[in-house]
Amino acid sequence: MMRHLISGCLLLIWLTAPLPLQAAGLDGRVVEHTYQNGLKLLMVERHTSPTVSAWIRFKVGSVNERSDERGVAHMLEHMLFKGTKTLGTTDYAAEKPLLDKIEATAQLMMAEQAKEKKGDPARIAALQARLAALEKEAERYVVKDEFFDLYSRNGGVGYNAFTAKDGTTYLISLPSNKLELWAAIESDRMRDPVLREFYTERAVVMEERRRSYDAEPSAKLWETFLAASYQAHPYGQPTIGWMSDIQFLSRTKAERFLHRYYAPNNAVIAVVGDINPQQVIRLVGRYFGEIPPGTPVPTVTVQEEPQRGERRVEVRADAEPEVLIGFHKTALGDKDDEVFDVISALLSQGRTSRLYRSLVLKKQLASDVSTFTAPGSLYPSLFVLAASPRAPHTAGEVEQALLDELDRLKKEPVTPWELQKILNQLEFQEIRRMGTNGGLARNLTEYEAVAGSWRYLLTYRAKVARVTPADIQRVARAWFTRSNRTVGILTKTATGGTTP
């Protein structure tokens, strides 16, 4: 299914979907505090249950990687679960010399591997054997999953992390009387992380790459489609990295990236739930306040040049056909960004949406259809239409039907009834998403990081309400053009894997 194709992007898409109505009630309820080291703390007091959700959002993601660092942000997501100088180890003083030997051996091995055909296979094999032996020796000091065990024993749930183009987030929900435990663990991880078991985990990530991308046709179509859509901007690179990128990631390279950016001045913390904000300010200050700031995450200055013609890519696999059509669009907060959100809701939000009624119910051309913004929101992104053709209909038929619906937007004004329906749906979504501590913590951290302030939530619905039928026609005519689009097709191969 097409929705499975974008599973790696769903977290990001969820964030860029239409948001606030209930957010208006946040005005005066969100307590803000900024520490001297640049750490931003956002809090909302809710006493509906004796629990709290705590989210830490670092303003660094795969979009900030240099060409020789691709995949490092995702790799660090894995590595920051491995522990610190005090957690995840029985004796860091004894472990440290082994970690240094592991890194020196790995550097020699990668230098030899980088020679490709000129490399010495015997030397590579010997270095691989030595690396494995050192890693085995270092294992005796490792305490597996100590973060997880500490949280679990103290009632923590939903302990997780995710890396996206624009940022990296760590989250947990736990009893409110355990908030100090969270502060102790997470401040230790921010201050003294140790990237132990790096090369063992790198092998895990390479297997993840093989299993979830290289062997998954929908995912392969998605990353091929993105790579074709972006020729200059790093949004076109996969968050996990290409296989050769991962193969040459080193602990030294990861540590440089980590110490440069994963610091208080590049972080936003949201704590929502059964709290006293003034007590939380003192608690967070006591644990995080003395951590030194890092290098501010720089703005990505490279700009994607305007397309000068349609781009098309095809992936052939033993899988059902799929269609992607993407148009370059504005970034979050830019002029007309809300118009794209309205268009997305109009086309694919719910069973009464235009695309669902036309392609799925009436014509039965597709079994699934959606629209969304991806792969990021901090920089100009893509407005994407995705559909899964229903046999015996072809990808070509579905592609044309999607384009016909876009042409309809250009020619026929949207009705006031449709615009009101979108506002009603927006209200329902907001009640659902903001109703949980975790949902609110997520919105606060993400919009503070990406939009520049969580207060974006307070003004969003009003901006959506101002979108007119004429705005929709204007944006559709300006952006949904042949020269601005990229098309990706997943073509089913014949039985036995041969192409037709």
Side-chain angles (χ1 to χ4, degrees), residues 30-58 76-92 95 141-162 168-197 258 262-264 266-292 436-442 444-445 448:
V30 178
V31 179
E32 304 180 55
H33 187 82
T34 302
Y35 298 89
Q36 287 188 345
N37 59 8
L39 177 65
K40 185 66 173 285
L41 174 64
L42 304 172
M43 295 158 288
V44 176
E45 186 175 357
R46 282 177 165 177
H47 299 292
T48 53
S49 69
T51 60
V52 64
S53 290
W55 288 55
I56 302 177
R57 207 282 195 180
F58 292 100
L76 283 170
E77 176 202 318
H78 284 242
M79 294 310 305
L80 289 180
F81 286 99
K82 295 295 184 179
T84 67
K85 294 178 181 179
T86 55
L87 294 173
T89 182
T90 58
D91 186 348
Y92 180 67
E95 180 189 29
Y141 298 109
V142 175
V143 180
K144 298 283 188 181
D145 300 321
E146 190 165 13
F147 287 155
F148 179 82
D149 290 343
L150 280 170
Y151 278 133
S152 295
R153 291 200 303 269
N154 287 276
V157 295
Y159 181 47
N160 210 340
F162 56 89
T168 305
T169 302
Y170 291 84
L171 57 135
I172 183 73
S173 295
L174 67 169
S176 52
N177 63 359
K178 299 296 182 181
L179 189 59
E180 186 165 5
L181 172 69
W182 163 85
I185 290 174
E186 298 304 329
S187 61
D188 190 34
R189 172 154 61 178
M190 191 182 291
R191 181 187 296 106
D192 289 318
V194 174
L195 307 188
R196 54 179 56 89
E197 299 184 301
L258 171 69
Y262 291 69
N266 295 322
V268 180
I269 294 177
V271 180
V272 179
D274 183 28
I275 60 171
N276 178 306
Q278 294 307 313
Q279 292 178 359
V280 175
I281 290 173
R282 290 192 293 270
L283 176 69
V284 171
R286 188 162 70 249
Y287 282 94
F288 292 85
E290 298 303 317
I291 302 174
T436 65
N437 291 341
L440 179 51
R442 178 176 190 148
L444 291 173
T445 54
E448 181 69 28

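Computed from a prediction, not measured in an experiment: that's the story for all the values here.
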Quiz item: Which one of Asn276, Asn437, Asp274 satisfies the side-chain hydrogen bond (donor to acceptor under 3.5 Å, both in side chains) criterion with Ser176?
Solution: Asp274

Quiz prompt | Pairing residues for Phe58 by the ring-ring contact (aromatic ring centres under 6.0 Å, His included) criterion, not counting sequence neighbours | solution = Tyr262

Quiz item: When you look at Arg46 and Val272, which way does the side-chain contact (heavy atoms from CB on, under 4.5 Å) test go after all the steps?
Solution: CA-CA 7 Å; Arg46 282 177 165 177; Val272 179; 4.0 Å; yes

Quiz item: side-chain contact (heavy atoms from CB on, under 4.5 Å) between Val44 and Leu444: does it pass, once the steps are laid out?
Solution: CA-CA 10 Å; Val44 176; Leu444 291 173; 3.9 Å; yes

Quiz item: Any idea which heavy atoms bring Ile172 and Tyr159 closest together, and the distance?
Solution: CD1-CB, 3.4 Å

Exercise. Mind running side-chain contact (heavy atoms from CB on, under 4.5 Å) on Phe81 and Asp145 for me, showing each step along the way?
Key: CA-CA 7 Å; Phe81 286 99; Asp145 300 321; over 6 Å; no

Quiz item: Which atoms form the tightest heavy-atom contact between Pro264 and Pro292, and what is the distance?
Solution: CD-O, 3.3 Å

Self-check item: Backbone of Phe288 reached by a side-chain donor or acceptor of Ser187 within 3.5 Å
Solution: no

Practice problem: Return the minimal non-hydrogen interatomic distance between Asp91 and Thr89, and the atom names on each side. | Solution: N-OG1, 3.2 Å

Quiz item: Leu179 versus Val280: any side-chain heavy-atom pair under 4.5 Å?
Solution: yes

Practice problem: Evaluate the criterion side-chain contact (heavy atoms from CB on, under 4.5 Å) for residue pair Val52 and Val271; output intermediate values, then yes/no. | Solution: CA-CA 7 Å; Val52 64; Val271 180; 3.4 Å; yes

Practice problem: With the side chain counted from C-beta on, respond yes when Tyr287 and Trp182 share a heavy-atom pair under 4.5 Å apart, and no when they do not. | Solution: no

Quiz item: Closest approach of Ala161 and Glu77, non-hydrogen atoms and distance?
Solution: O-OE2, 3.4 Å

Self-check item: By ring-ring contact (aromatic ring centres under 6.0 Å, His included) - contacts of Phe148 (at least two apart)
Solution: none

Self-check item: Residue from Ile281, Thr34, Val268 passing side-chain contact (heavy atoms from CB on, under 4.5 Å) with Leu41
Solution: Ile281

Self-check item: Nearest heavy atoms of Pro277 and Ile275, plus distance in Å
Solution: CD-O, 3.8 Å

Practice problem: Determine, for Glu290 against Arg191, whether the closest basic-nitrogen to carboxylate-oxygen distance falls under 4.0 angstrom. | Solution: no

Quiz item: Backbone N or O of Leu87 within a donor-acceptor pair of the Tyr92 side chain at under 3.5 Å?
Solution: no

Quiz item: Looking only at atom types and distance, does a side-chain atom of Asn37 sit under 3.5 Å from a main-chain N or O of Ala263, one as donor and one as acceptor?
Solution: no

Quiz item: So, do Leu39 and Val284 sit near enough that their side-chain heavy atoms are less than 4.5 Å apart?
Solution: yes

Self-check item: Within-4.5 Å side-chain heavy-atom neighbours: Phe147 and Leu80
Solution: no

Quiz item: Any side-chain heavy-atom pair from Thr445 and Leu42 closer than 4.5 angstrom?
Solution: no

Self-check item: Shortest non-hydrogen contact from Gly438 toward Ser53
Solution: N-OG, 3.3 Å

Quiz item: Quick one: are Leu174 and Asn154 in side-chain contact, heavy atoms under 4.5 Å?
Solution: no

Quiz prompt | Row check, Tyr141 ring normal vs Arg196 NZ/CZ: under 6.0 Å, within 45° | solution = no

Quiz item: Is His78 close to Glu197 at the side-chain level, that is, under 4.5 Å between some pair of heavy atoms?
Solution: no

Self-check item: Straight-line distance of Arg57 CZ to Asn266 CG, nearest 0.5 Å
Solution: 10.5 Å

Quiz item: Is the backbone N or O of Trp55 less than 3.5 Å from a side-chain atom of Arg442, with the two atoms forming a donor-acceptor pair by type?
Solution: no

Exercise. Check whether any side-chain heavy atom of Arg286 lies under 4.5 Å from a side-chain heavy atom of Leu283, and answer yes or no.
Key: yes

